Protein chains: 2
Amino acid sequence: MEERDIKRAGLKITQPRVKILDLLSNSQEHHLSAEDIYKLLLGNGEEIGLATVYRVLTQFEAAGLVNRHHFEGGQAVFELATEEHHDHMVCMKTGRVVEFYDEIIEQRQQELARLHNFRIKDHSLILYGEFIGESDENA
Amino acid sequence: MEERDIKRAGLKITQPRVKILDLLSNSQEHHLSAEDIYKLLLGNGEEIGLATVYRVLTQFEAAGLVNRHHFEGGQAVFELATEEHHDHMVCMKTGRVVEFYDEIIEQRQQELARLHNFRIKDHSLILYGEFIGESDENA
DNA sequence: GATTAACATGATAAAGTATATCATTTCATT
DNA sequence: AATGAAATGATATACTTTATCATGTTAATC
Ligand SMILES: [Zn+2]
Ligand SMILES: [Zn+2]
Ligand SMILES: [Zn+2]
Ligand SMILES: [Zn+2]
């Protein structure tokens, strides 16, 4: 994701938009809440408003540049939409997020939808638990 | 679910608790938000406070009497925990909720967890879309 | 490069969902 | 019925997100 993509979305290339896209592209943990992004940017010495972060993320989502997920814990998290579709395992101790994709599950969803005369537009599969043998020291 | 279950949970049998349990037991749509419950009870002429509804639902959840789900749309919804585990399809037009259970998906989740050294404590699978050939007249 | 109109930002207000507080009421035991 | 413990409900507060709007920025045009 780069400036090209912002323009392609019909949005002006502004500092806040570029900064947010850069952060999502380069951050180690790439599932970030709006507030995470806001604080990380402030920590980097950038000037940005929280309202702008929320607004831009919503615009990016509408443009298909980012995906929004509702993990438990109040705040939605965002990630770049560069990767293929995947679902998530979330560690309840450390907050660590691992992505996975399983063709069998995806196909069964379609099959179940068909059985119920349902057309799937989107879905959310989140496994909550913990990684075995992992401490929560860096939670 | 009945008064017996409230007592079993170590809670006093009070009017608000009984009313909420009755509503969840007898309501046509049994996935209700705290505010749904509050307004339905008020509509029935019952006197109850919104804070009590939230408090009681949280207690019921902790006691395993109800399950909480985070469908999209801000408010969490609750349902009695009498049924076996199931997942949900949610119509984005009408709000209609259909429950399903698929052994293959459940087993694949376990398998994927094993592959990632993950112990599943809980999971959430929600399919969003629409039921084919259904209008949104009573959305 | 300057002009300019449209667009974007950010401080703040406001909305929406849920929890905390606490004086009063209800429950359940004696 | 008396009584202490627990629960209620009005309200305040917390928390996440969106709306408002004066000001600042972008990008197209000259
Ligand atoms: Zn999936
Ligand atoms: Zn992801
Ligand atoms: Zn399931
Ligand atoms: Zn259900």
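Naming convention: chains lettered A, B, ... in sequence-line order (proteins, then strands); numbering from 1 in each chain. It should be emphasised that the depicted structure is a prediction, and the values quoted were computed from it without experimental measurement.
Using modelled atom types, one finds no donor on one side chain facing an acceptor on the other under 3.5 Å when comparing B/E84 with B/H86. Judged purely by distance below 3.5 Å, without hydrogens or angles, the side chains of A/H116 and B/E99 never pair a donor atom with an acceptor atom. Donor-acceptor pairing under 3.5 Å is lacking for the side chains of A/E72 and B/H70.
Between the P atom of C/dG10 and the CD atom of A/E46 lies a distance of 11 Å, rounded to the nearest Å. Note: CD (A/E35) to P (D/dT16) measures 6 Å, nearest angstrom. In this structure, B/Q15 atom CD and D/dA6 atom P are separated by 20 Å, rounded to whole Å. C/dA11 atom C1' lies 10 Å from atom OH of A/Y38, rounded to whole Å. Atom P of nucleotide D/dT20 and atom OH of A/Y54 are separated by 18 Å, given to the nearest angstrom. In this structure, B/L11 atom CG and C/dC27 atom C1' are separated by 13 Å, rounded to whole Å. Distance, A/I37 CD1 to D/dT16 C1': 14 Å, rounded to whole Å. Spacing between atom CZ of A/R17 and atom P of C/dG10 amounts to 11 Å, rounded to whole angstrom units.
A close approach under 4.0 Å does not occur between any side-chain nitrogen or oxygen of B/T52 and OP1 or OP2 of D/dA7. Remark: B/R55 is not in phosphate contact with C/dT19, judged by side-chain N or O atoms under 4.0 Å from OP1 or OP2.
Residue contacts shown for B/L50 are absent, as no nucleic acid heavy atom lies under 4.0 Å away. A/A76 comes within 4.0 angstrom of the backbone, heavy atoms only, and of no base.
No donor-acceptor pair closer than 3.5 Å links the side chain of B/S27 to the backbone N or O of B/H30.
Considering only the side chain of A/K12, C/dC7 comes nearest among D/dT16, D/dA19, C/dC7. The side chain of A/A51 has C/dG10 as its nearest neighbour among C/dG10, D/dA27, D/dT8. Considering only side-chain atoms of B/T14, the nucleotide from D/dA7, D/dT26, C/dT12 that sits closest is D/dA7.
At least one cation-pi condition fails for A/R17 and A/F60: the charged atom is not both under 6.0 angstrom from the six-membered ring centre and inside a 45 degree cone around its axis.
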